[in-house]
2 protein chains.
Amino acid sequence: MPTEDPAGKPPARSLRADARRNQETLLAAAARVFVTSGVDAPIRQIAAEAGVGTGTIYRHFPTRADLVTAVYRHQIEACAQAGPSLLAESDSPFEALHRWIDLFVDFLVTKHGLADALQSDSDRFAALHTYFLDRLVPVCGDLLDAAVGAGAIRPGVQPYELMRGVGNLCIGRDSDPRYDPRRLIALLLQGLRPLPQA
Amino acid sequence: MPTEDPAGKPPARSLRADARRNQETLLAAAARVFVTSGVDAPIRQIAAEAGVGTGTIYRHFPTRADLVTAVYRHQIEACAQAGPSLLAESDSPFEALHRWIDLFVDFLVTKHGLADALQSDSDRFAALHTYFLDRLVPVCGDLLDAAVGAGAIRPGVQPYELMRGVGNLCIGRDSDPRYDPRRLIALLLQGLRPLPQA
DNA sequence: TACTATCCGGAACAAGGTTCCGTTTTGTCA
DNA sequence: TGACAAAACGGAACCTTGTTCCGGATAGTA
């Protein structure tokens with residue numbers, strides 16, 4: 001079955017040699033360009049950096065989201081897998097949740113424009129939104145459940161809305177000294193704790 | 001002094017008759033288009049709706065932010081002025097803050113794409129960001145100070161970061177049943193309350 | 001080596017933002 | 001009222017970016 005999963009992961013071993021070579025060149029070039037120009041960088045710029053034509057990019061990564069997820073797949077995966085580990089090694093489920101969210105935030109804020117893209121109105125990134133959520137919402141759900149079970153937070157918060165809220169809080173110009181998303185996210189997590197008196 | 005404030009408010013009574021006429025036509029047309037196509041609507045579409053050339057739009061509103069602020073000036077103003085009123089009439093400063101934030105959120109979520117534009121990476125909307133904050137941050141600051149003074153929330157939160165956080169939480173596709181910005185904003189405000197012990 | 005399926009490059013098209021300038025309108029003054 | 005200069009208009013033209021398409025190059029195979 002030659003159809004790939006919707007997130008555009010590198011197709012297996014059936015490509016022609018030049019195709020596979022270009023695919024790797026493209027991933028490396030895109031990673032470099034994303035650092036300097038953000039995930040919104042013009043296709044032509046990425047093509048130039050890789051030394052290929054624009055058609056080649058579209059053939060390998062039909063949508064921009066495919067390219068972005070391919071570039072960051074490893075980190076998304078690492079984030080997903082960190083959930084259970086943190087739950088096991090942290091002193092409390094709440095701490096595990098907090099540390100996991102911090103991990104996610106670190107990932108977002110170090111990738112210029114990634115948080116913006118995640119919530120972008122345009123359909124250009126819809127698949128990116130979907131991929132992130134499909135992969136991370138279940139992990140977040142487990143952490144939330146554990147924290148609720150321990151009585152550390154109130155029930156009723158959905159993982160989807162928490163993830164999306166956290167992602168939203170990371171949006172915007174990087175490195176504005178007046179705005180540190182982590183501060184607000186910490187406040188938001190505080191807001192999840194049980195109310196002092198019934 | 002004929003210089004205008006940087007937010008592009010309608011210049012005073014010194015325009016030629018046709019210019020003033022066009023300016024009003026444009027504001028009305030833009031308001032209509034924003035409702036259906038969002039504040040990102042193509043300039044040409046607004047020009048067509050108003051029955052003028054694109055040059056005319058740029059002459060009256062050099063940047064898109066100028067047009068947007070001109071269209072929504074009244075509502076921004078109303079929001080700013082609601083701050084002191086709410087403080088006077090609410091049962092507590094915390095309630096006043098909460099109600100004021102709700103007002104702000106209502107404004108943002110009913111204007112398709114406005115919250116997105118506010119935090120947009122591109123410079124296209126930089127002046128919009130500035131205008132909103134210049135006008136509303138002081139109001140928010142007063143409400144915060146009052147709530148801190150009453151012991152209803154912890155000190156240390158800056159009005160800028162709160163406004164921006166709230167704005168950020170409003171970003172995204174409208175009317176996703178899984179995501180209600182108000183829920184998370186309420187949680188965030190809960191997170192501002194003093195910690196139970198210590 | 002010859003053949004074909006695959007892949008490549010970049011020209012070409014579409015859409016939107018922005019600028020520019022020849023033309024039209026307005027207001028004023030004789 | 002007629003003429004004139006300043007102000008404003010309209011939209012063609014240009015630029016950037018996304019996306020498609022196809023003639024030509026190339027890898028794998030017989």
Side-chain angles (χ1 to χ4, degrees), chain A residues 2 4 8 10-27 29-30 33-34 36-68 113 116-117 120-128, chain B residues 2 4 8 10-27 29-30 33-34 36-68 113 116-117 120-128:
Chain A
E4 297 306 321
R13 306 285 92 180
S14 54
L15 290 177
R16 239 172 60 173
D18 54 349
R20 183 150 60 249
R21 208 183 317 132
N22 268 332
Q23 192 153 295
E24 277 157 27
T25 306
L26 269 173
L27 282 176
V33 170
F34 287 172
T36 59
S37 307
V39 296
D40 264 320
I43 293 287
R44 288 190 225 293
Q45 185 181 345
I46 301 169
E49 173 79 21
V52 304
T54 55
T56 302
I57 293 197
Y58 280 98
R59 194 170 317 103
H60 286 289
F61 305 100
T63 76
R64 188 178 287 267
D66 292 329
L67 181 54
V68 175
D116 304 55
S120 159
D121 258 353
S122 83
D123 310 306
R124 197 159 48 128
F125 285 111
L128 184 61
Chain B
E4 296 303 323
R13 307 286 90 179
S14 53
L15 289 176
R16 242 172 58 173
D18 54 349
R20 184 151 59 249
R21 210 183 316 131
N22 267 333
Q23 192 153 293
E24 279 157 26
T25 305
L26 268 174
L27 282 176
V33 171
F34 286 171
T36 59
S37 308
V39 296
D40 265 319
I43 293 287
R44 288 189 230 284
Q45 185 182 344
I46 301 170
E49 173 80 22
V52 305
T54 56
T56 302
I57 292 196
Y58 280 99
R59 195 169 316 102
H60 285 288
F61 305 101
T63 76
R64 196 181 208 86
D66 293 330
L67 181 54
V68 175
D116 303 55
S120 159
D121 256 355
S122 82
D123 308 308
R124 196 160 48 127
F125 284 111
L128 184 62

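Naming: A, B, ... by sequence-line order, numbering from 1 per chain. These numbers come from a predicted model, not from an experiment.
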Q. Do the non-hydrogen side-chain atoms of A/Arg124 and A/Asp40 ever get within less than 4.5 Å of each other?
A. yes

Q. What's the CD-P distance between B/Gln45 and C/dG16, to the nearest Å?
A. 9 Å

Q: Map B/Thr54 and B/Arg16 onto DNA chain D by nearest heavy atom, then report which one ends up closer to the 5' terminus.
A: B/Arg16

Q | Whole angstrom value for the distance that separates C1' of C/dC7 from NE2 of A/His60 | A | 8 Å

Q.
What is the distance, to the nearest angstrom, from the CG atom on B/Asp123 to the P atom on C/dT18?
A. 11 Å

(Q) Over all strands shown, is A/Arg59 touching base, sugar-phosphate only, or nothing at heavy-atom distances under 4.0 angstrom? (A) base

(Q) Please tell me whether A/Asn22 and A/Thr25 have a donor and an acceptor in their side chains that are separated by less than 3.5 angstrom. (A) no

Q. Are side-chain heavy atoms of B/Leu26 and B/Arg21 found at a separation under 4.5 Å?
A. no

Q.
Whole angstroms only, please: what is the CG-C1' distance between A/Leu15 and C/dT6?
A. 10 Å

(Q) Side chains of A/Tyr58 and A/Ile43, heavy atoms from C-beta outward: is any pair under 4.5 Å? (A) yes

Q. Given that B/Thr56 and A/Ile43 both sit by DNA chain D, which one's nearest nucleotide is further toward the 5' end?
A. B/Thr56

Q.
Using heavy-atom distances to pick each residue's nearest nucleotide on DNA chain C, tell me which of B/Asp18 and B/Pro42 is more 5'.
A. B/Pro42

Q. Taking CD1 from B/Ile57 and C1' from C/dG16, how many angstroms apart are they, rounded to a whole number?
A. 13 Å

**Q.** Gap between atoms OH and C1', on A/Tyr58 and C/dA14 respectively (whole Å)
**A.** 12 Å

Q: At the 4.0 Å heavy-atom cut-off to chain A, mark where contacts on DNA chain D begin and end, going 5' to 3'.
A: D/dT17 to D/dG28

Q: State, yes or no, whether a side-chain contact exists between A/Leu67 and A/Phe34 at a heavy-atom distance under 4.5 Å.
A: yes

**Q.** Side-chain heavy-atom pair B/Phe61, B/Leu27 within 4.5 angstrom cut-off
**A.** yes

Q.
Assess the residue pair B/Asp116 and B/Phe125 against the criterion (side-chain contact (heavy atoms from CB on, under 4.5 Å)); give the C-alpha distance rounded to whole Å, side-chain angles, the decisive distance to 0.1 Å, and a yes or no.
A. CA-CA 10 Å; B/Asp116 303 55; B/Phe125 284 111; over 6 Å; no

Q | Presence of donor-acceptor pair under 3.5 Å, side chain of B/Arg20 and base of C/dT26 | A | no

Q) Taking for each residue the nucleotide of DNA chain C bearing the nearest heavy atom, is the 5' side occupied by A/Asn22 or by B/Asp40? A) A/Asn22

